[in-house]
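The next block holds one structure in the form of structure tokens; read it before the comments.
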Amino acid sequence: MGFTDHDDAALVARWQQGDATAFAELVSRWQQPIARFLTHFLGRPDLVSDSCQEVFLRALVAGPRYRECGAFCAWLYRIAVNVARDLRRRRRHGSISLANTEIVSAAPAPDAISERREADRLVADAVATLPEPLRLVLVLRHYEEMSFEDIARTTGTPASTLKSRFAAALSTLRTRLRNLDCSPKESRS
Amino acid sequence: MNCTPIRPLLPLLSYGELPANEADAIRAHLADCAACRKELAEFQHVRAALGCPKVPVVHVDLPRLFHEAADRQARRVRRWHRAGVAVTGIAAALLLIAVLRLEIRVETQQLTLRWGAVPVQDLAQAEQVVVRADPAALAALQERVHVLDDLLHAVIIDIADRDERQAQRLARLFERLEEVRVQNGRRWSETERNVAAMHAAMLVRPPRGEKP
């Protein structure tokens, strides 16, 4: 994922000059990536649609104050992080589940499906209960496939700190999944 | 190289996030260390277990978005307006007290509210009155009143300015909303036409003898 998209910059410029269709284009371009991020970061697919709406509403209201520097995407992700934080603060959910999220895979047998769903649920719970700074870097690196430099630009945290957090997140997950006894079986090779 | 400096780097190695020379050194160590190999395998399993869950398809409702943005803007304007009225009220009250030289005194069994110069018959307080009516103090007071007056005017002009700007922004937003509405209507009717045409093409058979 690159942060220096000239198309975005051109659309932002048109939007700031009052072209509503440019904003609509930005929304259609970014609504799915933001939805994907919120799904993993919130751990609640049922809240994603409303949260996504709120992200673009805040972007629309704050648009005139946005200074184009080739990082519209980072700005949008920052808004999404703030929306997710506000939502969590309001709801104060302890454990959050991704129970109704399915994992993409080749169609396995029904038994395998239920086993797989259970394992996925446990993995998703383990991710959702990570401390927020660790979860944020894990989601952005693993699911959004951002580089650490781009994550640093988005979060305002040094890349070296992010790498440490990412290693800590994976170590925590490794321990939790081992304790839950749902880590994938030893490789066959 | 022993295991202690290697282990914290294994999560990053499993995602290919280490520089080539560092990664090579670690791989050389892994060739001889079964414990570190096992740990790296566990991190790779965690990566595989995280998988790639399906994400709900989201469609942001643009007309609602513009409506809500306009509402928020209107609320902000109202807040500014209320704050402006409150500031103006306080300033006016202060001005009134200063200009009228309002004096409120609570004594046993009487409340005195007095403005303007102290009456002559209040001789007992003549000393104090003389002090209050000191021309230098009066001039300073008048100067302050002027400054307050100027400030008040500046605040009023600023508020009126902001109100006007906010109203203009609101009008622009409504215009944009109207454009989006019109576009949506146009697209909807076009879609309807297309669907009707498809329906006709698929379901309506041509009369016998005619080629489809």
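Each chain gets a letter, A, B and so on, in the order its sequence line appears, and its residues count up from 1.
Geometrically, R141(A) does not engage Y15(B) in a cation-pi contact defined by less than 6.0 Å to the ring centre and at most 45° from the axis.
Of the atoms belonging to F56(A), heavy atoms from both backbone and side chain fall under 4.5 Å from chain B. Interface residue P56(B): backbone and side-chain heavy atoms are both found under 4.5 Å from chain A. For R172(B), no part lies under 4.5 angstrom from a heavy atom of chain A. Neither the backbone nor the side chain of I34(A) comes within contact range of chain B; no heavy atoms are under 4.5 Å apart. Both the backbone and the side chain of L57(A) come within contact range of chain B, judged by heavy atoms closer than 4.5 Å. In this structure, the portion of Q183(B) lying under 4.5 Å from any heavy atom of chain A is its side chain and not its backbone.
One finds the CZ atom of F23(A) at 9.5 Å from the CZ atom of R176(B) (value rounded to the nearest 0.5 Å). Here L60(A) contributes atom CG and L62(B) contributes atom CG; the two are 9.0 Å apart, rounded to the nearest 0.5 Å.
The two residues A49(B) and V123(A) have their closest heavy-atom pair at O-CG1, 3.7 Å.
When R47(B), R64(B), Q73(B) are compared by the number of non-hydrogen pairs under 4.5 Å with chain A, R64(B) comes out ahead. Of the listed residues (S28(A), A167(A), S49(A), P64(A)), the one with the most heavy-atom contacts under 4.5 Å to chain B is A167(A).
The side-chain heavy atoms of L50(B) and L173(A), taken from C-beta on, include a pair separated by under 4.5 Å.
Residue R37(B) qualifies as enclosed at atom CZ: its count of foreign heavy atoms under 6.0 Å is above 12.
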Could you walk me through whether H59(B) and Q53(A) pass side chain to side chain contact (heavy atoms under 4.5 Å, CB included), step by step? CA-CA 9 Å; H59(B) 290 291; Q53(A) 186 84 14; over 6 Å; no
When you look at F148(A) and L12(B), which way does the side chain to side chain contact (heavy atoms under 4.5 Å, CB included) test go after all the steps? CA-CA 11 Å; F148(A) 282 107; L12(B) 294 174; 4.3 Å; yes
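No donor-acceptor distance shorter than 3.5 angstrom exists from the side chain of E42(B) to the backbone of R174(A), with no hydrogens or angles considered.
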